[in-house]
Amino acid sequence: HYQLAVVAQDRTGQIQVLGVVSDHVRRAVHVVAETGTLGSAELAGDLDVPQDTAEHAIAELVERRLAVPSLIDNRVVSLA
């Protein structure tokens with residue numbers, strides 16, 4: 001109903017995405033958490049998806065507040 005999602009870290013230190021998100025967004029959360037910050041070109045390469053798919057995943061990360069946009073460049077920063 002509310003389309004809520006959160007990023008949590010379990011006792012072993014693994015990142016978990018709780019809530020309903022697309023597979024690309026779920027995978028993107030893990031990549032951003034590992035790298036700390038990245039742009040759509042890097043995400044596209046890491047996920048082996050087209051650039052526009054990575055751009056949509058990043059937009060959803062920001063919209064769902066699972067990552068925040070960098071103030072310096074066209075990248076996102078992990079909240080995990």
Side-chain angles (χ1 to χ4, degrees):
H1 180 79
Y2 289 106
Q3 299 281 324
L4 298 176
V6 296
V7 177
Q9 188 173 24
D10 66 20
R11 292 179 190 200
T12 66
Q14 296 295 313
I15 298 296
Q16 303 293 325
V17 180
L18 308 174
V20 179
V21 296
S22 70
D23 183 52
H24 293 305
V25 170
R26 189 172 302 278
R27 292 171 50 208
V29 166
H30 290 278
V31 173
V32 174
E34 288 176 13
T35 61
T37 182
L38 82 164
S40 61
E42 296 160 304
L43 182 61
D46 287 345
L47 297 182
D48 195 28
V49 297
Q51 175 105 14
D52 65 327
T53 301
E55 289 170 1
H56 290 316
I58 285 177
E60 189 171 339
L61 287 176
V62 171
E63 180 181 322
R64 305 279 300 270
R65 297 186 177 150
L66 300 173
V68 295
S70 170
L71 299 176
I72 300 169
D73 53 19
N74 195 21
R75 301 166 69 82
V76 291
V77 179
S78 173
L79 293 175

Walk me through it: do Val76 and Thr37 pass the test side chain to side chain contact (heavy atoms under 4.5 Å, CB included)?
-> CA-CA 5 Å; Val76 291; Thr37 182; 6.0 Å; no
Heavy-atom check, side chain of Val49 versus side chain of His24, under 4.5 Å | yes
So do the side chains of Val25 and Arg64 get within less than 4.5 Å of each other, counting heavy atoms only?
-> no
Taking atom CD of Glu60 and atom CD of Glu55, what is their separation to the nearest 0.5 Å?
-> 14.5 Å
Give the minimum heavy-atom separation between Ser78 and Ala33, together with the two atoms involved.
-> OG-CA, 3.5 Å
Determine whether Leu66 and Leu79 make a side-chain contact, defined as any pair of heavy atoms from C-beta on separated by less than 4.5 Å.
-> no
ILVMFWY cluster, Val17 and Val68 together (side-chain gap under 4.5 Å) | no
Common cluster, Leu47/Val62, ILVMFWY with side-chain heavy-atom separation under 4.5 Å = yes
Evaluation steps, side chain to side chain contact (heavy atoms under 4.5 Å, CB included), between Arg75 and Glu42 = CA-CA 10 Å; Arg75 301 166 69 82; Glu42 296 160 304; 2.8 Å; yes
Does CG belonging to Asp10 count more than 12 external heavy atoms closer than 6.0 Å?
-> yes
Taking it one step at a time, do Ile58 and Leu43 satisfy side chain to side chain contact (heavy atoms under 4.5 Å, CB included)?
-> CA-CA 9 Å; Ile58 285 177; Leu43 182 61; 3.7 Å; yes
Say whether, by atom type as modelled, one donor and one acceptor occur between the side chain of Thr35 and the main chain of Val31 under 3.5 angstrom.
-> yes
Where do Ala28 and Leu61 come nearest, in terms of heavy atoms and distance?
-> CB-CD1, 3.9 Å
Donor-acceptor pair, Ser40 side chain versus Gln51 backbone, under 3.5 Å?
-> no
Shared hydrophobic cluster, Val77 / Val29 (ILVMFWY, side-chain heavy atoms < 4.5 Å) = no
Sequence neighbours excluded, which residues qualify as side chain to side chain donor-acceptor pair (under 3.5 Å) partners of Ser70?
-> Asp73
Take atom CG of Leu18 as the centre, draw a 6.0 Å sphere, and report whether it contains more than 12 heavy atoms from other residues, nucleotides or ligands.
-> yes
